[in-house]
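Here is the structure we will look at.
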Amino acid sequence: MTRLRGIFCIGLLALAPLMLLQPRAMAEPVHVYTDYSVSLIGLPVAYLKFKTEIDGASYKISGNLRTSALTNIVSKSRGNASVSGKFGKDRLRASRFSVAYTADAKTHKTEIRFSNGNVSSATNTPKRKRTAADWVPISAEDMRAVLDPLSGLVFPASARVCPSSLPIFDGETRVTLHLKPKGVRPFRTKGFKGDAIVCAIRFVPQAGYRKGSSAIRYLQKLTKMEVWFAKHEQGGFYAPVYAKVPTKIGQVVVAATRFGG
């Protein structure tokens, strides 16, 4: 279940925002469908499908994850996520975020509510067992001016595509993602052909994690994580279309198999 959560979070954090559109004067709501694939050492492990609804300055994303037939041999898993909010000047500002997934007959649910960019409430079911000795607690300050893991990596066309840092809160853990430009690469998928801006990512945990976590220590040491951003011409925004994350058992790749429309 821990491994599934890692894959699900990578998929959501890196690619789920792909379908969002910048607000414009639209007479009718816009619906966009986008698909993703997740692979480990070249083998398919999961698929994500999302529907995004844009109505003026408001947005809503709903999507689901399912493991591949190969992965189902070991553990059949399913999940869904949604986020809604409004467009800010240089960021998307969520008002409500939720995610739920089931693996090995165990279900985990998370819901976050935001107010003016700050977390007003966060609930996890079931609650994670923790002790004060090995847990880095989250303070009120840690949950101010943060982004959700779904729409936190979407940038308006006029914004800097690889910002120096992104404060992310997933309902339990507060992290900072440091992005650095690495150049431009060609990218092609259904609905898109063009250049993508490549950003290196460095993962820094802030609070809400176990001090002795080997997974956290591993992510901190990684120096070869990347996310590629492509521009959605109609919407006027940049969003992830490709990401790669080295793991102890091989490289995880999350790629858009359909981008827009």
Side-chain angles (χ1 to χ4, degrees), residues 1-14 16 38 40 45-46 65 67 74-75 77-81 83 94 96-150 152-153 164-179 200-225 227 243 245-252 254:
M1 189 169 182
T2 300
R3 182 174 297 175
L4 173 70
R5 175 169 180 161
I7 292 174
F8 198 15
C9 287
I10 288 171
L12 292 177
L13 184 63
V38 183
L40 173 64
V45 294
L65 170 146
T67 47
V74 179
S75 174
S77 306
R78 296 290 185 269
N80 59 75
V83 62
R96 181 178 180 180
F97 165 86
S98 65
V99 61
Y101 61 88
T102 301
D104 300 326
K106 296 180 180 179
T107 299
H108 180 95
K109 297 181 180 180
T110 295
E111 183 169 314
I112 313 172
R113 292 184 180 273
F114 297 86
S115 178
N116 298 320
N118 303 321
V119 175
S120 57
S121 68
T123 58
N124 290 281
T125 307
K127 291 184 178 180
R128 183 172 178 177
K129 295 180 181 179
R130 62 192 68 169
T131 61
D134 72 347
W135 194 261
V136 180
I138 290 184
S139 67
E141 185 64 29
D142 290 321
M143 294 192 289
R144 292 174 182 165
V146 295
L147 304 169
D148 72 279
L150 269 178
L153 287 177
S164 57
S165 63
L166 294 173
I168 304 291
F169 179 66
D170 69 358
E172 182 176 71
T173 304
R174 165 69 169 83
V175 305
T176 299
L177 301 179
H178 296 281
L179 277 66
I201 295 184
R202 185 165 59 88
F203 174 92
V204 178
Q206 304 292 147
Y209 65 95
R210 189 167 58 84
K211 296 177 183 178
S213 170
S214 59
I216 291 292
R217 289 198 303 268
Y218 181 81
L219 287 172
Q220 282 183 282
K221 295 178 181 179
L222 285 181
T223 59
K224 296 183 179 180
M225 288 192 292
V227 174
V245 181
T247 73
K248 294 179 180 180
I249 59 174
Q251 184 163 265
V252 172
V254 186

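Atoms considered below: every heavy atom in the structure, side chains included; atoms not considered: hydrogens, waters and symmetry mates. As the structure is a computational prediction, the values presented were derived from the model and not from experiment.
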Run N124 and H108 through side chain to side chain contact (heavy atoms under 4.5 Å, CB included) and show every step you take. CA-CA 7 Å; N124 290 281; H108 180 95; 3.5 Å; yes

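Considering only heavy atoms from C-beta on, V119 comes within 4.5 Å of F114 through its side chain. Counting heavy atoms from C-beta on, the side chains of Y101 and L65 never come closer than 4.5 Å. Here the side chains of M143 and R174 are not in contact, with every heavy-atom distance at 4.5 Å or above. Considering only heavy atoms from C-beta on, T110 stays 4.5 Å or farther from D170 through its side chain. K109 has its side chain out of reach of S98: every pair of non-hydrogen atoms, C-beta onward, lies at least 4.5 Å apart. For the pair L40/T247, a side-chain contact is recorded, criterion being any heavy-atom separation below 4.5 Å from C-beta on.
Contact detail for I168 and D148: the closest heavy-atom pair is CD1-O, 4.0 Å. Residue A94 comes nearest to V83 through the heavy atom pair CB-CG2, 3.7 Å, listed as atom of the first residue, atom of the second, then distance. Looking at every heavy atom in both residues, G152 comes nearest to L166 through O-CD1, 3.9 Å. Between F97 and P149, the closest heavy-atom pair is CZ-CG, 3.6 Å. Closest approach of M225 and F203 over heavy atoms only: CE-CB, 3.9 Å. Contact between A145 and N118 at its shortest, heavy atoms only, is N-OD1, 2.7 Å.
Qualifying side-chain hydrogen bond (donor to acceptor under 3.5 Å, both in side chains) partners for S139, counting only residues two or more places apart in sequence or in other chains: D142.
Remark: the backbone N or O of R113 is paired with a side-chain donor or acceptor of S120 at under 3.5 angstrom. A donor-acceptor contact shorter than 3.5 Å links the side chain of T173 to the backbone of G208. In this structure a side-chain-to-backbone donor-acceptor pair under 3.5 Å is present from H178 to S164. A donor-acceptor pair is defined here as one N or O able to donate and one able to accept, closer than 3.5 Å; no such pair exists between the side chain of Y209 and the backbone of V136. Between the side chain of R202 and the backbone N or O of T223 there is no donor-acceptor pair closer than 3.5 Å.
In this structure, CD in Q206 is found 11.5 Å from CD in E141, a value given to the nearest 0.5 Å. Rounded to the nearest 0.5 angstrom, L177 CG and L147 CG are separated by 9.5 Å.
Within 6.0 Å of the NZ atom in K211, the count of heavy atoms belonging to other residues, nucleotides or ligands exceeds 12.
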